[in-house]
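First up is the structure itself, then whatever we jot down about it.
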Amino acid sequence: MAANMNPQTQTGLTTFRHFINGEYQGDSNGHFDKYRPSDGVLIGRVCEGGREEIDAAVRAARAALKGEWGRMPSERRAQLLHAVADEINRRFDEFVEAEMNDTGQPRSMMEHAFIPRGAANFKIFADLVKNVPAEAFRMDTPDGAGAMNYALRVPKGVVGVICPWNAPLLLMTWKLGPALACGNAVVVKPSEESPGTATLLGEVMNAVGIPPGVFNVVHGRGADSAGQFLTEHDDVDAITFTGETRTGTAIMRAAAGGMRDVSFELGGKNAGVVFADCDFDKTIDSFVRSVFLNCGQVCLGTERVYVERPLFDRFVEALKQRAEALKCGGPNEPGVTLGPLINAAQKQKVLSYYRKAVEDGATVVTGGGEPDLPDTISGGHWVQPTLWTGLAEDSAVVTDEIFGPCCHIAPFDSEDEVIEKANNTRYGLATTIWSQDISRANRVAAAIEVGITWVNCWFLRDLRTPFGGSKQSGIGREGGVHSLEFYSELRNICVKL
Ligand code: NAD
């Protein structure tokens, strides 16, 4: 079996191997099992990376920077990244399959959003990097000869990329696209729950001729495993991380040791604000998506909804009907609109909030438990789509990120009141505001302390604009030139003429 392909075992189960220096390798540290979330079926075993694998991957990345990759003209780099995107698209079905196996989410979502966007990220940043400006000044000097002072944009170096499981390819390439376009070499630590597309990507890199060591993958877990070892490695220059706020805190501590730069995209407890003058049908359609998409496992999703009192009862009833019409099912079942949670632990966590809501006196509008399921998927991690009303604002159900298909809906009476409630959180990732009064919508948007606000829409963004969280939802901004600012560094060079 060629080491530049990730081998399958004879049983059809995949062994998800590390991809280091252009080769699949290594199970010195053992494995853990990976199960499909929709039916609980074992799909493979994941190699557990340790310090040795991280060290090998970082060394390979450093060597790549000193070799062909480091000397490669940026135009050639851009061509290769275009080729990566084309190769992902050529092997589209394999990527869809891998991601469905990892996350259990409906095929339609993979085909129409997650995989195409995951591929496109390489092209977007390859094109963008060509036009990023840097400064150059002609200076006067006392001898009259002058000097040229300019800024040279160089890669940061070796970048550690630590990814979550909720949109694995898309969120990984959102970091890889700009990191590679800027000329860095990367070591990726995919989530232990989603090894599939990162593993496949190694084959893609080899097929198009990305030099060995530019893109490395080390599988494993977080604390006391590959994730932590990557953040602690002395020869890593920067860490880019998407995941929970608590994990971000641990990574920041580790990165501080080597004064490594960090970019963090973290958790949220996002508010939706609905004024009585909204376009009602569009509003409901949007909340069905922002609350239930990806089974609620979307960092930008809405878990708190505030509805102006005259519209409150109608809104709750309409969202209830739509929640009850969602269809659970495996990724390949036609018409499925709700997938599973990622694993048993996440299911237990969500169900614990379902119980807590009742203890705290919520009215359960719909859901609140586990659905009845056909035998074919009963081994998966399913919960009912759930809506509550009547909770106090300090209930943990209203303050904590649950990351499930659920939200709490509360009425409000004034603009000031809803701004205060929306801001009453340690998070600051996103909000969605619904009103036909555009002046008011703009006023409220400016007052809500989040990184991104949608007015009369959700999950819509020109990828050139800045993306990131306020408060405990993140550090830094990525997107467009903002990504390039993180993945490159400016050197000041002054030449006496
Ligand atoms: P997580 O923090 O549990 O894990 C993310 C990654 O970090 C995994 O690869 C994990 O192995 C690794 N990790 C865990 N502990 C580590 C440690 N001590 N050192 C180094 N690495 C470590 O997050 P998750 O459960 O995979 O993802 C869900 C979370 O991600 C939610 O909070 C969600 O809001 C957030 N998220 C945020 C964004 C955003 O753009 N802001 C996007 C997607 C997901």
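Both ligands and their constituent atoms are indexed starting at 1 by order of listing. Quick note: numbers below take in every heavy atom, side chains included, and nothing from hydrogens, waters or symmetry partners.
Of the protein's non-hydrogen atoms, Pro164 CB, 3.4 Å is the one closest to atom 27 (O) of ligand 1. In this structure, the protein non-hydrogen atom closest to atom 20 (C) of ligand 1 is Gly227 C, 3.2 Å. With respect to atom 9 (O) of ligand 1, the closest heavy atom belonging to the protein is Cys163 O, 2.7 Å. Scanning the protein for heavy atoms near atom 24 (P) of ligand 1, the closest one is Trp165 NE1, 3.3 Å. Closest protein heavy atom to atom 12 (C) of ligand 1: Ile162 CG2, 3.7 Å. Atom 23 (O) of ligand 1 has Glu244 N, 3.4 Å as its closest protein atom, hydrogens excluded (heavy atom only). Scanning the protein for heavy atoms near atom 28 (C) of ligand 1, the closest one is Phe403 CE2, 3.6 Å.
Residue-level proximity to ligand 1 for Val298 is absent, since no heavy atom of it falls below 4.0 angstrom. By the criterion of a heavy-atom distance under 4.0 Å, the backbone of Leu266, and not its side chain, is placed next to ligand 1. Contacts between Glu401 and ligand 1, counted as non-hydrogen atom pairs separated by less than 4.0 Å, involve the side chain only. Of the heavy atoms in Arg221, only backbone atoms (N, CA, C, O) come closer than 4.0 Å to ligand 1. At a heavy-atom distance under 4.0 Å, only side-chain atoms of Leu171, from C-beta outward, approach ligand 1. Residue Thr242 touches ligand 1 through backbone and side chain together, judged by heavy-atom distances below 4.0 Å.
The backbone N or O of Gly330 lies less than 3.5 Å from no partner atom in the side chain of Ser38, so there is not a single donor-acceptor pair.
Using a 4.0 Å cut-off to heavy atoms of Cys299, the atoms of ligand 1 that qualify are 33 (C), 34 (O), 36 (N), 37 (C), 38 (C), 39 (C), 40 (O), 41 (N), 42 (C), 43 (C), 44 (C). Of all atoms in ligand 1, listed by their number and element, those nearer than 4.0 Å to a heavy atom of Pro190 are 9 (O). Atom numbering of ligand 1 starts at 1 in the shown order; those under 4.0 Å from a heavy atom of Ile251 are 19 (N), 20 (C), 21 (N). The atoms of ligand 1 that sit less than 4.0 Å from any heavy atom of Lys189 are 8 (C), 9 (O), 10 (C), 11 (O). Against a heavy-atom cut-off of under 4.0 Å, Leu429 is close to the following atoms of ligand 1: 41 (N). Close contacts between ligand 1 and Gln228 involve ligand atoms 19 (N), 20 (C) [criterion: under 4.0 Å to a heavy atom]. For ligand 1 and Glu192, the ligand atoms under 4.0 Å from any heavy atom of the residue are 8 (C), 9 (O), 10 (C), 11 (O). With ligand atoms numbered from 1 in the order given, ligand 1 contributes 43 (C), 44 (C) to contacts under 4.0 Å with heavy atoms of Asn166.
Between atom 35 (C) of ligand 1 and the options Ser473, Gly160, Gly243, Gly220, the minimum heavy-atom separation is to Gly243. Nearest to atom 14 (C) of ligand 1 by heavy atom, out of Thr247, Asn343, Ile239, is Thr247. For atom 17 (C) of ligand 1, the candidate residues are Gly469, Gly267, Ala223, Gly451; the nearest heavy-atom contact is made by Ala223.
Heavy-atom contacts from other residues, nucleotides or ligands closer than 6.0 Å to NZ of Lys327 number more than 12. Heavy atoms of other residues, nucleotides or ligands lying less than 6.0 angstrom from CZ of Arg461 number more than 12. Within 6.0 Å of CZ in Arg426 there are more than 12 heavy atoms belonging to other residues, nucleotides or ligands. Counting non-hydrogen atoms of neighbouring residues, nucleotides and ligands closer than 6.0 angstrom, the CD atom of Glu420 reaches no more than 12 such neighbours.
Take Arg477 and apply the salt bridge (charged side-chain N to carboxylate O under 4.0 Å, His left out) test, not counting sequence neighbours, and it matches no residue. Under the rule for a salt bridge (charged side-chain N to carboxylate O under 4.0 Å, His left out), the partners of Arg62 that lie at least two apart in sequence or sit in another chain are Asp235, Asp237.
A cation-pi contact, defined as under 6.0 Å to the ring centre and within 45° of the axis, is absent between Arg45 and Phe16. Within the cation-pi definition used here (under 6.0 Å to the ring centroid, within 45° of the axis), Lys421 does not qualify as a partner of Phe412.
Under the 4.0 angstrom criterion for non-hydrogen atoms, Phe467 is in contact with ligand 1.
Ion pairing between a basic and an acidic side chain is recognised when a charged N comes within 4.0 Å of a carboxylate O; Asp39 and Arg36 show such pairing. The existence of a salt bridge linking Lys123 and Asp127 is excluded, since no basic side-chain nitrogen approaches an acidic carboxylate oxygen closer than 4.0 Å.
Side-chain atoms of Thr197 and Glu99 form a donor-acceptor pair, as typed in the model, at a separation below 3.5 Å. In summary, the side chains of Asn270 and Glu303 do not present any donor paired with an acceptor at a separation below 3.5 Å, with no hydrogens or angles considered.
With Thr199 as the fixed residue, the side chain to side chain donor-acceptor pair (under 3.5 Å) test singles out one of Arg17, His18, His219: His219.
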Going through the checks in order, is the side chain to side chain contact (heavy atoms under 4.5 Å, CB included) test met by Tyr487 and Glu478?
CA-CA 9 Å; Tyr487 294 104; Glu478 295 198 28; 3.1 Å; yes

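For atom 4 (O) of ligand 1, no protein heavy-atom neighbour is present inside the 4.0 Å cut-off.
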